[in-house]
Undergrad: 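Before I ask anything, here is the structure I am working with.
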Amino acid sequence: MPELAEVEYFRKRWNPGLGRKVVGVRLNPKARVGRGVDTRALAKALTGAKLLESLAAAKQMAFRFTGGAWLGVHLGMTGRLEAGDAERAPTLYDHFQLTMAGGRELVFVDPRQFGRIQFWQGEGVPPWWAKIPPAILSDAFTPGLVAAFLRRRARTSIKAVLLMQERFPGIGNWMADEVLWRAGFHPEAKAGAFGPKSVRKLHATLRTVCAEAMAVIGKDWSDPPDAWLFNHRWQDGGRCPRAKKPLVRAEVGGRTTCWSPTRQVLGAERR
DNA sequence: ATTCTTGTTGCATC
DNA sequence: AGATGCAACAAGAA
């Protein structure tokens with residue numbers, strides 16, 4: 001589920017822990033979400049440390065603690081963050097949990113366990129945080145970067161290319177479809193076929209969709225307006241909110257993809 | 001019972 | 001060497 005804006009939403013769900021000290025760390029040792037993590041070092045560093053701030057970028061979150069300790073969280077497909085008190089009923093999938101001074105519990109829940117946690121301690125920011133590519137909403141994300149990337153992935157469908165985190169951090173399946181639908185490009189168009197005008201259109205639409213998603217979903221998980229593709233893409237018999245014609249669903253780039261055949265026509269990308 | 005899934009990675013192949 | 005495609009991971013939902 002979690003793409004750019006959902007991740008920002010979940011980041012804030014741990015806000016009740018800000019400024020508080022960790023009094024307990026629990027990682028389900030059998031859970032895959034802890035793969036590759038030095039559990040003992042993590043527990044040692046976080047116990048007694050104070051949570052100073054949280055950050056979100058792409059589909060990644062970072063929680064910074066005193067002592068130069070950082071906890072990274074990636075939600076995978078089904079992960080979520082929750083906060084509660086001692087009254088909170090545990091779920092089968094509470095794989096990682098921080099108990100904070102005052103009794104607040106910060107929990108990472110993830111049934112499918114495609115998500116994971118990371119840990120780092122030292123000066124500056126963790127390497128896995130520093131290497132996240134420039135955000136789509138940042139000045140560093142330019143049409144030139146998009147054009148160069150599309151050239152390199154020339155023979156791949158634009159749908160699959162938009163899902164590549166190394167250039168489009170935070171874009172997931174629904175956002176990719178939303179962008180292509182709004183910009184009027186067929187998901188199976190080859191990335192190499194995009195002309196300069198189409199690259200600029202794609203770049204601008206990426207920014208718009210990210211900004212609107214952050215304002216609506218990232219803010220408080222409000223329901224997106226019906227003018228978005230989002231509300232129609234999974235309904236059987238769903239109709240394009242602009243063309244009012246039936247939407248199509250098919251697998252493109254290995255993922256279920258939804259588009260409006262009257263608005264998204266192969267060839268439009270050549271301009 | 002079967003097929004589906006808003007993500008990523010590692011590996012085989014081109 | 002770099003690009004491309006796909007199975008695998010796990011488990012709930014329809």
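Labels below follow one simple rule: chain letters A, B, ... track the order of the sequence lines, proteins then strands, and each chain is numbered from 1.
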Undergrad: Do the side-chain N or O atoms of R152(A) get closer than 4.0 angstrom to the phosphate oxygens (OP1, OP2) of dA3(C)?
TA: yes
Undergrad: Return the nearest nucleotide to the side chain of R153(A); candidates are dA11(C), dT6(B), dA3(C).
TA: dA3(C)
Undergrad: Students often mix this up, so state it plainly: with edges at 30° and 60°, are the rings of H203(A) and F141(A) parallel, tilted or perpendicular?
TA: parallel
Undergrad: Rounded to whole Å, how long is the line connecting atom CE of M164(A) with atom P of dG2(C)?
TA: 16 Å
Undergrad: Applying ring-ring contact (aromatic ring centres under 6.0 Å, His included), run through W221(A) and F10(A) and close with a yes or a no.
TA: CA-CA 9 Å; W221(A) 205 292; F10(A) 281 123; 5.5 Å; yes
Undergrad: Rounded off to whole Å, could you give me the CG-to-P distance for the L163(A) and dC6(C) pair?
TA: 14 Å
Undergrad: Between T205(A) and V179(A) (side chain of the first, backbone of the second, donor and acceptor by atom type, cut-off under 3.5 Å), is there such a pair?
TA: no
Undergrad: Hey, is the side chain of R255(A) poking within less than 4.0 Å of OP1 or OP2 on dG7(B), counting only N and O atoms?
TA: yes
Undergrad: Rounded to whole angstroms, how far apart are CD1 on I158(A) and P on dT4(C)?
TA: 12 Å
Undergrad: Quick one: E251(A) CD to dT6(B) C1', roughly how many Å, whole number?
TA: 15 Å
Undergrad: Across the strands shown, which category fits A154(A) at heavy-atom distances under 4.0 angstrom: base, sugar-phosphate, nothing?
TA: sugar-phosphate
Undergrad: Given 3.5 Å as the limit, does a donor-acceptor pair link the side chain of H95(A) with the main chain of D110(A), or not?
TA: yes
Undergrad: Please name the nucleotide paired to dG7(B) by Watson-Crick or G-U wobble geometry with both distances under 3.5 Å, or report none.
TA: dC9(C)
Undergrad: Between dG7(B) atom P and I132(A) atom CD1, what is the distance in whole Å?
TA: 16 Å
Undergrad: In whole Å, I'd like the distance from the CZ atom of F10(A) to the P atom of dG7(B).
TA: 13 Å
Undergrad: Heavy atoms from C-beta onward define the side chain here; which of dA11(C), dT6(B), dT4(C) lies closest to that of R155(A)?
TA: dT4(C)
Undergrad: Distance check: side-chain N/O of H74(A) vs OP1/OP2 of dG7(B), anything under 4.0 Å?
TA: no
Undergrad: Looking at Q165(A), I'd like to know whether one of its side-chain N or O atoms comes within less than 4.0 Å of OP1 or OP2 on dT8(B).
TA: yes
Undergrad: G254(A) near the nucleic acid: base, sugar-phosphate alone, or nothing, with a heavy-atom cut-off under 4.0 Å?
TA: nothing
Undergrad: In whole Å, I'd like the distance from the CZ atom of F168(A) to the C1' atom of dG7(B).
TA: 17 Å
Undergrad: One thing to verify: whether D220(A) and K12(A) come together as a salt bridge, which I'm taking to mean a side-chain N less than 4.0 angstrom from a carboxylate O.
TA: no
Undergrad: With rounding to whole Å, what would you report as the distance between dC6(C) and dC4(B) at their P atoms?
TA: 15 Å
Undergrad: Among the nucleotides dT4(C), dT6(B), dA11(C), which one has an atom lying closest to any side-chain atom of T156(A)?
TA: dT4(C)
Undergrad: Does NZ or CZ of R182(A) lie under 6.0 Å from the centre of the six-membered ring of W228(A), at an angle within 45° of the ring axis?
TA: yes
Undergrad: Could you work out which one of dT6(B), dC9(C), dA11(C) sits closest to the side chain of E3(A)?
TA: dT6(B)
Undergrad: Calculate the interatomic distance between L162(A) atom CG and dT6(B) atom P; express it in whole Å.
TA: 15 Å
Undergrad: Using a 5.5 Å cut-off between ring centres and planes within 30 degrees, is F114(A) stacked on the base of dC9(C)?
TA: yes
